[in-house]
Each structure stands twice: as C-alpha cells, then as structure tokens.
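Since the structure comes first, as structure tokens, the remarks are kept for the end.
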Amino acid sequence: MGLNLVVLVKQVPDTQNITGDAMKEDGTVNRGALPAIFNPEDLYALEAALRVKEEVAGSQVHVITMGPPAAEQVLKESLYRGADTVALITDRKFAGADTLATSYALKCAIEKIGKYDIVFCGRQAIDGDTAQVGPQTAEKLGINQITCVSTIEQIDEDSLIARRSIEGGFEIVKSAYPILVTMTDEGHAPRTSSAIKVMTYKNTKAGDKEIPLWNIDFIGADVEACGLKGSPTKVKKIESVVLKSEELQMVENTDEGINNLMHTLITDHTLG
Amino acid sequence: MSNNIWVFVQQDDGKIADVSLQLVSKATDLAKDYNKKSGGNAKVEAVLMGDKVKNLAAEVIQYGAEKVFCIEDTRLKNYTPLPYTKVLVELIKEQEPQIILYGATTTGRDVGPRVASALKVGLTADCTELEIGNYESRGESFENILYQIRPAFGGNIVATIVAPEKKPQMATVREGVMKLNNPDPSRKGEIVDVASVVEDSDCLSEIIERVKKEKSVNLTASQIIVSGGMGVGTKEGFDLIADFAKTIGADVAASRAAVDAGFINKDHQVGQTGVTVRPKLYIACGISGAIQHRAGMDESAKIIAVNNDPDAPIFQIAHYGIVGEIGDVIPKLKKAFMAKA
Ligand SMILES: Cc1cc2nc3c(=O)[nH]c(=O)nc-3n(C[C@H](O)[C@H](O)[C@H](O)COP(=O)(O)OP(=O)(O)OC[C@H]3O[C@@H](n4cnc5c(N)ncnc54)[C@H](O)[C@@H]3O)c2cc1C
Ligand SMILES: Nc1ncnc2c1ncn2[C@@H]1O[C@H](COP(=O)(O)O)[C@@H](O)[C@H]1O
C-alpha cells in the first residue's frame with residue numbers, strides 16, 4: 001500500500017548570514033540583498049519523509065511550498081533529492097499572509113492532494129522563527145501533531161513513534177495517522193542532490209508539468225481567509241536594532257585601570 | 001466580553017514552569033496599565049491544568065493572579081496537544097479574555113498556535129516586550145490594545161505586532177525575559193474548578209517515555225554571570241573562568257560556539273537558542289557578540305566585555321570594555337577583586 005507523505009517547505013532569506021548591506025538605511029531589511037535558501041529545518045523534514053518512503057514500500061513524497069514564483073527553487077531542490085511530486089502554491093491574493101492565513105492555504109493545498117498519512121514540516125522558519133505554521137495547519141486539518149521531533153524512531157502502516165525534544169530531555173510519543181510532525185535539525189542530516197535527478201530537472205521551471213502552479217481557486221480556498229485579509233496580526237512598526245555603544249567606557253588593561261573598574265563596581269554595589 | 005488578562009500556566013510533573021510565574025507578574029503590570037489608560041477593570045487570571053494540580057494554584061495567586069481556573073483530569077497529567085487545546089478553547093469561548101500569554105516553551109509553542117488556529121485569532125511568537133497602546137489603521141482606531149514587540153530577521157530588526165480586531169490577543173514569551181514579582185503569601189484569589197471536557201477520543205498521542213533531567217545550572221536566576229566564548233580557547237581555559245566566577249560569587253555561562261566546542265555543557269548556553277538572562281552584571285570573556293548571543297544577554301544591567309579584538313561587536317553593547325588577552329585580564333580582575341572586597 002505505502003504511505004502518502006506531504007512535506008511543507010519554505011524558501012527563506014538567509015538571515016543567519018546577514019551582512020551590513022542587507023540592512024537598508026532606514027533600518028529595514030533589504031530582502032533582495034539576502035540570498036534565498038531552503039529553510040534549514042525543512043531539509044530535515046524532507047529527509048525524514050524520504051527515509052519513511054525508503055522504509056515503507058510504495059510510499060510517495062509530495063512537497064508543497066507557498067510563495068512567489070521564485071520559490072520554485074526549493075521545489076527543484078526537493079526533486080533533486082527524491083521527491084515524487086511537487087506543487088507551488090502561488091497567487092497574488094496570498095500576499096501579506098501571517099501564520100494563520102498561511103496555514104489555511106497550506107491546509108487547502110494538502111486536502112487537494114487527497115489522502116495523506118503524515119505531514120512533515122520544519123520546526124520553524126528562520127525568517128520569522130515563529131514555529132506556528134505546523135501546529136496551525138494541523139489544527140485546521142483537524143489532526144494530531146508532534147512538534148520538535150529529532151527522529152522518527154519507528155514506523156509502520158498505521159502509526160509512528162517519534163522522539164520529541166523538550167526542555168532538558170525528550171519524550172517518546174506514539175500516534176496513529178494522520179499526523180503532522182515538525183522536525184528539528186538534531187536528527188538525520190539531509191542528503192545531497194542526486195546527480196541523475198539534477199540532470200533530469202535542472203531546466204524545469206515553475207509552470208511546467210513537474211512543477212505545477214496552484215492558485216487560490218485551484219485549491220478551493222476562501223479569499224477572505226487568505227493573504228492580508230485573513231491575517232489577524234499586523235505589523236505596526238519596524239525598527240532596526242540600535243546598539244547603545246555611547247555608554248561604552250574603555251578600561252585600560254593595566255593594574256590601575258582594572259583596580260579602578262573593580263572599585264566602581266564594588267562601590268555601586270554591583271559586586272561584593 | 002470580559003477584558004481580563006490570562007496566563008496559561010504550564011506545569012511539568014507537578015511543578016509550575018518559571019516562565020508562567022514571570023508571565024503572571026507581567027500580566028499584573030499590563031492590567032494596571034490597561035486599567036489606568038482605559039478606566040477599565042481588567043483582572044489577571046490563570047488557567048492551570050493537569051492531573052492533581054489544585055494545590056499549585058496558591059503559588060500562582062501569590063504572584064498576582066486574582067482567579068485561577070483549575071481543570072483536573074488524569075488525561076491532562078502530561079501535556080499532549082489535543083486535550084490541552086480543547087480545554088483552553090472551550091474556556092476561552094466561555095470567558096472571553098482579551099489577552100492570553102504563553103511561555104515560549106516546547107509546550108507553549110505547541111498549544112498556542114493550535115488555540116490561535118481554532119479561534120482564528122493572532123499569535124505573536126517570542127515577544128521580548130509587551131505594552132498597552134493605541135493603534136490606527138486606514139481611518140480605524142483601536143484603543144488600549146496589546147503591543148507585541150519581538151525581534152525578527154535573526155534579531156536584526158525589532159517589530160511591533162498588533163492584532164486589533166479580534167480577541168483574545170495572544171503572545172508567547174521566553175523564559176527569563178519578564179521580571180518576577182515578589183511573591184506575596186497574603187494575597188487572596190479565587191480558585192475555580194472547571195469540569196474537564198476531555199474525552200478518550202481526544203487522546204491521540206501516547207507518551208511512551210518521558211525523560212527530563214534537572215538543569216545543572218539555572219542562569220535565569222543569576223545576579224552575576226561570567227561568560228566565556230571561543231576566545232577562552234580550551235576546556236582548561238574555562239577553569240580560569242570558573243575560578244574567577246567562584247571568587248566573585250558568579251555563575252558561569254557560555255556562548256554557543258564554546259558549548260559546541262565542548263568547553264562546557266549546553267545548560268550554560270546564553271542566547272537565542274540558549275537561555276535569556278538579565279543579571280546585574282554580565283562579564284563576557286572572549287565572546288564576539290554575535291546577534292544570537294546578544295539576544296540572550298543584552299538586557300543585563302551592566303556588561304563588561306573582555307576581548308583581544310578592539311573591533312569585536314560585543315563592545316557596542318558593553319558598558320565597560322577591556323581590550324586584552326583572557327589569560328592576562330582575568331587574573332588581573334581576580335586580583336583586583338580580592339584586594340578590594
Ligand atoms: C540559528 C542560530 C542560533 C544561534 N544561537 C546562539 C545562542 O543561543 N547563543 C550563542 O552564543 N550563539 C548562538 N549562535 C551562534 C552565534 O552566531 C555565534 O557563532 C556565537 O555566539 C559565537 O561565539 P563566540 O563569540 O564565543 O565565538 P567567536 O565568534 O569565534 O568569537 C570569539 C571571540 O573571542 C575573541 N578572542 C579570541 N582569542 C582571545 C583571547 N585569547 N583573549 C581574548 N579574546 C579572544 C575574538 O576576538 C572573538 O571576538 C546561533 C547561531 C545561529 C545561526
Ligand atoms: N509559505 C510556506 N510554504 C510551505 N511551508 C511553510 C510555509 N511557511 C511555513 N511553512 C512550514 O511551517 C514551518 C514553520 O514555519 P514558521 O511558523 O514560519 O516558523 C516551516 O518550517 C515549514 O515547514
């Protein structure tokens with residue numbers, strides 16, 4: 001029989017390697033100056049799905065992303081690694097979606113695929129670090145979830161056992177399907193692309209039959225619940241992080257300088 | 001609709017999570033501010049669920065909750081998503097609070113989004129500040145709503161998020177970010193028993209095993225911290241840091257790079273993926289001051305940076321900077337302290 005596995009992946013700006021020119025004068029982020037990458041933990045989600053496919057014969061891995069046409073790149077990379085089918089959910093009406101509106105669109109797309117057993121997400125995306133889209137999608141689908149999973153310990157035709165990281169330890173959790181899991185980067189390292197698959201798909205573009213475009217009508221989503229309209233949260237203000245360097249006092253690296261510093265700290269009761 | 005401010009109180013094995021008490025404390029400030037600005041009468045209330053948890057309610061009241069809703073059910077003993085979500089959603093629909101705060105723990109970040117999704121309301125993750133204020137948008141104005149302030153884009157910007165149109169407004173906050181009230185044992189509060197709505201069919205997660213060890217150090221409570229980074233160089237180098245820390249009565253912390261290098265265990269890590277600290281004094285030794293590290297310590301009252309690179313970013317947030325080698329500066333600091341104290 002096999003399992004139907006859905007993986008949700010996101011293309012994100014590489015916020016971990018932000019350089020000076022990625023910040024604009026007004027303190028906002030210049031997305032254009034940041035390379036777009038496969039959200040790191042989503043690669044672990046894809047890896048987990050591919051491993052399940054290897055273990056349960058006849059399984060299929062479907063990868064979905066919601067984003068602008070340029071997000072086709074993460075779908076191509078998924079195909080290079082062994083995804084069976086991919087889809088790009090893209091529509092201007094999705095613009096400005098917060099996590100709630102995003103999870104609604106993803107839920108509609110997952111239901112469009114039809115029968116599914118396990119939905120894999122990354123624990124969180126590095127642009128917003130919210131870790132909300134996974135659980136919100138599970139709630140919208142009306143299914144159970146296991147978040148912060150490092151590894152899938154055991155898998156069979158009707159249930160799985162996962163190792164979930166919690167503060168200072170872990171839980172071993174069992175659940176039947178359908179289930180949504182969110183994966184951390186503590187487990188099996190993502191595989192690299194297969195050379196043959198790269199050859200097969202390197203010229204594939206969004207809109208080709210291998211990377212279909214799904215719009216709002218196709219997935220049957222309600223416009224009112226999508227994009228900015230469907231997003232209860234609004235950004236009121238954005239400020240760049242100001243470092244308060246004006247307070248810095250340099251202390252001479254001499255016995256005298258350091259003695260004076262200690263004297264200050266002790267007299268103002270910071271120390272002692 | 002009530003305009004009360006709620007805290008989801010997380011208990012693990014019959015012990016209340018520190019972050020929940022910090023949030024009850026923050027909620028008392030928010031309620032005061034809200035009531036002053038609006039002339040309203042918002043109260044701080046808490047939701048506590050588990051197997052036998054009623055005895056924990058008194059502690060929540062000491063920190064400022066005026067009412068604690070208690071839900072007892074053996075099926076709520078350990079956190080699992082569906083039963084906890086169901087209980088919260090039902091109670092929220094009935095009571096209609098205006099704000100709900102959750103700890104940004106693996107539990108809070110599991111249940112919060114499910115509740116938000118079920119109620120179709122907003123949720124802002126990992127807030128570092130919460131305030132009450134007004135908001136205007138396209139001719140509409142909203143008074144006394146929750147400003148949810150959080151770092152975004154890897155900590156390079158700070159965004160103020162609002163969710164003005166729907167109640168409750170919800171946020172998660174990390175442990176150590178909000179200050180704790182002084183507990184007041186004379187405080188009175190109401191404990192309300194709420195019948196559990198959990199059914200066996202909600203219990204889809206079976207916890208086969210649960211392993212938790214106590215942290216070897218609780219830095220969120222530390223007043224003085226000596227923290228070492230890659231610049232400390234070796235595991236042995238950390239002995240120098242630990243010895244200095246002991247001399248001045250401080251706890252030892254570290255950067256992620258130092259933890260990854262195996263100089264010290266992860267319980268000591270400060271930063272975005274470690275703990276958030278706000279001591280009286282933070283001495284950063286051989287730490288470059290990457291944004292992910294600063295995120296966990298830049299609220300320290302005083303920061304001393306010791307680094308051999310005068311251009312290290314850590315100096316931009318330090319109050320006192322010493323340019324020099326760890327092996328040279330730390331013994332000097334120790335000697336100076338012993339001579340004065
Ligand atoms: C998603 C993500 C999450 C992260 N979370 C965290 C987190 O929670 N906490 C955290 O700390 N980091 C975190 N990091 C890593 C962070 O980006 C930095 O890599 C890390 O903080 C660097 O540690 P460091 O300052 O000790 O090392 P380095 O950056 O290598 O700096 C070492 C410093 O020591 C100085 N030095 C060297 N030798 C000496 C000497 N002999 N005497 C004096 N000074 C010396 C150097 O000038 C340098 O400034 C995270 C990164 C990512 C991508
Ligand atoms: N636009 C999107 N398209 C597909 N998957 C997404 C999208 N946004 C978030 N996800 C999934 O949800 C996870 C958590 O994202 P976040 O809540 O933004 O931190 C990600 O790791 C992805 O697996």
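By convention in this document, chain letters (A, B, ...) are assigned in the order of the sequence lines, proteins followed by strands, and residues within each chain are numbered from 1. Because the structure is a prediction, the values reported are computed rather than measured.
- Neither the backbone nor the side chain of A:Ile179 comes within contact range of chain B, judged by heavy atoms closer than 4.5 Å.
- One N or O on the side chain of A:Gln132 and one on the backbone of B:Leu123 form a donor-acceptor pair closer than 3.5 Å.
- In summary, A:Arg164 and B:Asp110 engage in a salt bridge, as defined by a charged side-chain N under 4.0 Å from a carboxylate O.
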key: Intermediate values then yes/no, side-chain hydrogen bond (donor to acceptor under 3.5 Å, both in side chains), A:Asn253 and B:Lys332   = CA-CA 9 Å; A:Asn253 179 16; B:Lys332 273 190 196 151; 2.9 Å; yes
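- Remark: A:Lys234 fails to qualify as a cation-pi partner of B:Tyr135 under the 6.0 Å distance and 45° angle criteria applied to the six-membered ring.
- Contact of A:Ile166 with chain B is made through backbone and side chain together, with heavy-atom distances under 4.5 Å.
- In terms of heavy-atom proximity, A:Asn144 sits nearest to B:Pro81 at OD1-CG, 3.9 Å.
- For the pair A:Glu167 (side chain) and B:Thr106 (backbone), a donor-acceptor distance under 3.5 Å is present.
- Between A:Asp129 and B:Arg150, none of the side-chain N atoms (NZ, or NE/NH1/NH2) sits under 4.0 Å from a carboxylate O, so this pair counts as no salt bridge.
- If you tally non-hydrogen atom pairs under 4.5 Å between each of B:Ile248, B:Leu333, B:Ile224 and chain A, the highest count goes to B:Leu333.
- Formation of a donor-acceptor pair under 3.5 Å by the B:Arg109 side chain with backbone atoms of A:Thr130 is found in this model.
- The residue among B:Ile304, B:Thr160, B:Ile149, B:Asn78 with the most heavy atom pairs within less than 4.5 Å of chain A is B:Thr160.
- Only the side chain of A:Leu261 comes within less than 4.5 Å of a heavy atom in chain B; its backbone stays farther off.
- Only the backbone of A:Thr254 comes within contact range of chain B, with heavy atoms under 4.5 Å apart.
- Interface remark: A:Thr264 contributes side-chain atoms only to the contact with chain B (heavy atom separation under 4.5 Å).
- Residues B:Ser205 and A:Gln145 come closest through the heavy atom pair OG-O, 4.1 Å.
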